[in-house]
Colleague: 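Just dropping this structure here.
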Amino acid sequence: MSINRRDWIRQSLLASATMLVAGPHIAQGCASERPPKLQGKDDFILLNWNENPYGPSDTAIQAVNDAMKYANRYPDEQINELKEKLAAKNGLKPANFLLTAGSTEVLSLLGQHVGLQKGEILTPYPTFPTALRFGERAGASIKKVKLDANDRIDLDQTLDAISDKTTLVFICNPNNPTGTELPTDDLKTFCRKVPENVLICVDEAYVEYSNAGLKGSMISLVNELPNLVICRTFSKAYGLAGLRMGYAVSNVRNIQALRDRHLGAEISTGWPPLVAANASLDDPEFINKCVTKNAEGKQIVYDAYDKWGVKYNPSSTNFIYARQERFENDLVAKMRNKGILITKWPDMTDHIRVSISKPEHMRKFVEVVEEFLV
Ligand SMILES: Cc1ncc(COP(=O)(O)O)c(C=O)c1O
């Protein structure tokens, strides 16, 4: 299936209404709190939203500062430049890309696409829920496939669960909240086996942190599979969460259909996120540094969890998902009282998710959470 432009335009008003009632924190999949005021952030150690504590890079900051004097101009050229750079890096055409204000916009567009045709989203679960939520609100049904006994996505079960009702298969790789990564070849084989009349969305928000790195991306299949949409973001390893920059990669027809429906008409991003993203792509050293420091932070938590017998899967991301059983109940609230924000998926109450910040923050996390061991 490719995405039908005509239906989308007709139903766009309904979709806008759906978004208006959806609430301000729609992107968040998790039951964690945010300090209410900006200045409050410094009082908390933020291990709840998988942000990059090292970003933005100096190059990105410089690019934003330099660009501010042009903020009176629409950023058409900058949109084209970024798409050209992404295209060149991935062996595709600029027309294969849609730039959005964070990948949340891509996920919401896809969710609505399915919902408005009363279709079905099939997904291994737990996973990042934005596409599911937007889909459900617009009328989609959601079919969840359980993870295996080791909290890993089971691609065989997912393939078996595809039926004539399935409109879209959503795979987050590496997966949020579990942090696990699928072997690249297994995921490629899976994508090739999904029937052409079923859309596949692969959300690669954390691909830069994964063991396979960018080689694990499914972007190499975009020219081969007309039903594949990849969703990427500059919010994580690039450290630009607050600037809002993400993108979709797919065949030209799907990208056109997504753009027709995009409420911001592809200019929901402005000069600062565009130039910051563009500059960041030329700064692989920054990403390497962040990935290395992230591994250091993860090791601090692994060592403590191993010592205490806390069960977890090694993470291919900047967060660690662990069983809660070794800790007291209400751990999220107790940690908050101590100034450390962590997360629990609302319907996965037997697990906690801890984002990785700087090593000193992770040492503090270990020191504080030890008080709540049972
Ligand atoms: C898997 C995944 N996809 C997408 C997003 C949305 O990120 P953004 O809208 O900042 O690009 C997140 C944010 O946490 C995420 O974890």
Side-chain angles (χ1 to χ4, degrees), residues 19 22-32 34 46-53 55-56 60 82 86 97-111 121 123-135 147 153 168-182 187 200-210 216-218 229-249 258 262-264 268-269 272-274 276-277 280 294 315-321 341-346 348 353-357:
M19 294 228 282
H25 290 127
I26 195 151
Q28 292 312 308
C30 35
S32 66
R34 191 98 178 151
L46 300 174
L47 310 182
N48 55 342
W49 280 13
N50 306 340
E51 294 155 337
N52 180 347
L82 182 55
L86 289 168
F97 294 82
L98 175 75
L99 304 185
T100 53
S103 53
T104 295
E105 285 195 342
V106 179
L107 296 171
S108 64
L109 283 167
L110 287 168
I121 303 177
T123 184
Y125 194 86
T127 195
F128 193 68
T130 296
L132 318 183
R133 288 192 185 155
F134 271 90
L147 304 181
I153 289 176
L168 178 137
V169 183
F170 177 73
I171 306 278
C172 185
N173 186 52
N175 189 33
N176 183 7
T178 56
T180 57
E181 171 183 357
L182 289 159
L187 184 53
I200 314 161
C201 171
V202 182
D203 181 341
E204 298 184 343
Y206 300 95
V207 68
E208 293 87 357
Y209 289 111
S210 68
S217 171
M218 293 299 116
V229 183
I230 314 287
C231 180
R232 293 278 278 270
T233 184
F234 285 91
S235 295
K236 305 300 177 183
Y238 291 98
L240 300 178
L243 280 182
R244 313 304 300 131
M245 191 70 232
Y247 57 99
V249 196
L258 288 166
H262 182 221
L263 289 178
S268 56
T269 57
L274 286 162
S280 300
N294 181 60
S315 163
S316 294
T317 61
N318 62 344
F319 53 87
I320 299 174
Y321 188 66
L341 302 188
I342 62 168
T343 285
K344 219 179 226 297
W345 235 235
M348 299 302 296
R353 194 196 69 183
V354 175
S355 306
I356 302 303
S357 187

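Just the heavy atoms: all of them, side chains too, but no hydrogens, waters or symmetry mates, feed the values below. Whatever order the structure lists them in is the order used to number ligands and atoms, beginning at 1.
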Colleague: Does only the side chain of Phe234 get under 4.0 Å from ligand 1, or the backbone, or both, or neither? Count heavy atoms.
Modeller: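 It is neither; nothing of Phe234 touches ligand 1.
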Colleague: Quick test of your reading of the structure: of Tyr247, Phe128, Phe319, whose heavy atom lies closest to atom 12 (C) of ligand 1?
Modeller: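 It is Phe128 whose heavy atom sits nearest to atom 12 (C) of ligand 1.
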Colleague: Of the choices Thr233, Asp203, Asn318, Leu240, which has the non-hydrogen atom that lies closest to atom 2 (C) of ligand 1?
Modeller: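 Looking at heavy atoms only, the winner is Asp203.
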Colleague: Taking Leu243 as the fixed residue, which of Ser235, Pro272, Pro56, Ser280 is the one that meets the side-chain contact (heavy atoms from CB on, under 4.5 Å) rule?
Modeller: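 Answer to the side-chain contact (heavy atoms from CB on, under 4.5 Å) test with Leu243 among Ser235, Pro272, Pro56, Ser280: Pro272.
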Colleague: Considering only heavy atoms of Ala205, which atoms of ligand 1 have at least one such atom less than 4.0 Å away?
Modeller: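 Near Ala205, the atoms of ligand 1 are 1 (C), 2 (C), 3 (N).
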Colleague: So, 4.0 Å and heavy atoms of Gly246: is ligand 1 close enough to count as a contact?
Modeller: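 Not so, Gly246 does not reach ligand 1.
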Colleague: Run the numbers for me: atoms of ligand 1, each under 4.0 Å from some heavy atom of Gly102, listed by number.
Modeller: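 Numbered from 1, ligand 1 contributes 9 (O), 11 (O).
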Colleague: Dump the intermediate steps for side chain to side chain donor-acceptor pair (under 3.5 Å) on Thr127 and Asn175, then the final yes or no.
Modeller: CA-CA 6 Å; Thr127 195; Asn175 189 33; 2.7 Å; yes
Colleague: Any sub-3.5 Å donor-acceptor pair from Asp203's side-chain atoms to Phe170's backbone N or O?
Modeller: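 Side chain of Asp203 to backbone of Phe170: no pair is present.
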Colleague: Examine distances only and state if a side-chain atom of Thr100 and a backbone atom of Gly246 form a donor-acceptor pair shorter than 3.5 Å.
Modeller: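 Answer holds: yes.
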Colleague: Heavy-atom distances under 4.0 Å decide this one: backbone, side chain, both or neither, for Ser103 against ligand 1?
Modeller: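 Both the backbone and the side chain of Ser103 come within reach of ligand 1.
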Colleague: Applying the side-chain contact (heavy atoms from CB on, under 4.5 Å) test to Ile121, which of Leu110, Leu168, Val169 qualifies?
Modeller: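 Testing each of Leu110, Leu168, Val169 against Ile121, the sole residue satisfying side-chain contact (heavy atoms from CB on, under 4.5 Å) is Leu168.
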Colleague: Closer than 4.0 Å to some heavy atom of Cys172 - which atoms of ligand 1 meet that?
Modeller: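 Per the distance check, 1 (C).
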Colleague: Can a donor-acceptor pair be found, under 3.5 Å and without considering hydrogens, that links the side chain of Thr123 to the backbone of Tyr125?
Modeller: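 No: the side chain of Thr123 does not pair with the backbone of Tyr125.
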Colleague: Give the atoms of ligand 1, by number and element, whose distance to some non-hydrogen atom of Ser235 is under 4.0 Å.
Modeller: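 Those qualifying, in numeric order: 8 (P), 10 (O), 11 (O).
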Colleague: Distance under 4.0 Å to a non-hydrogen atom of Arg244: what atoms of ligand 1 satisfy this?
Modeller: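 The list of qualifying atoms is 8 (P), 9 (O), 10 (O).
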Colleague: Does any N or O of ligand 1 fall below 3.5 Å from an N or O anywhere on Lys236, backbone included?
Modeller: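 Yes; the residue has a nitrogen or oxygen that sits under 3.5 Å from a nitrogen or oxygen of the ligand.
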Colleague: Considering both backbone and side-chain atoms of Asn50, is one of its nitrogen or oxygen atoms within less than 3.5 Å of a nitrogen or oxygen in ligand 1?
Modeller: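 Looking only at distances, the answer is no, because the N/O contact criterion of under 3.5 Å is not met.
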Colleague: Any donor-acceptor pair under 3.5 Å linking the side chain of Thr233 with the backbone of Ala205?
Modeller: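 No.
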Colleague: Mark yes or no for whether Asn318, through its side chain, and Ile356, through its backbone, hold a donor-acceptor pair below 3.5 Å.
Modeller: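 The answer is no, because no donor-acceptor pair under 3.5 Å joins these two groups.
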Colleague: Record the part of Leu107 in heavy-atom contact with ligand 1 below 4.0 Å; permitted values are side chain, backbone, both and neither.
Modeller: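 Within the 4.0 Å criterion, Leu107 contacts ligand 1 through side-chain atoms alone.
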Colleague: From Cys172 SG over to Glu181 CD, what is the distance, rounded to the nearest 0.5 angstrom?
Modeller: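 Output value for this atom pair is 12.0 Å.
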Colleague: Please classify the Thr104 to ligand 1 contact at 4.0 Å (heavy-atom distances, strictly less than): side chain, backbone, both or neither.
Modeller: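 Thr104 to ligand 1: contacts from backbone and side chain alike.
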Colleague: Would you say the side-chain atoms of Arg353 pair up with the backbone N or O of Thr178, donor to acceptor, closer than 3.5 Å?
Modeller: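 Checking the backbone N and O of Thr178 against the side chain of Arg353, no donor-acceptor pair under 3.5 Å is found.
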Colleague: Output the list of atoms in ligand 1 that are nearer than 4.0 Å to some heavy atom of Tyr206, sorted by atom number.
Modeller: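 Under 4.0 Å from Tyr206, ligand 1 has these atoms: 1 (C), 14 (O), 15 (C), 16 (O).
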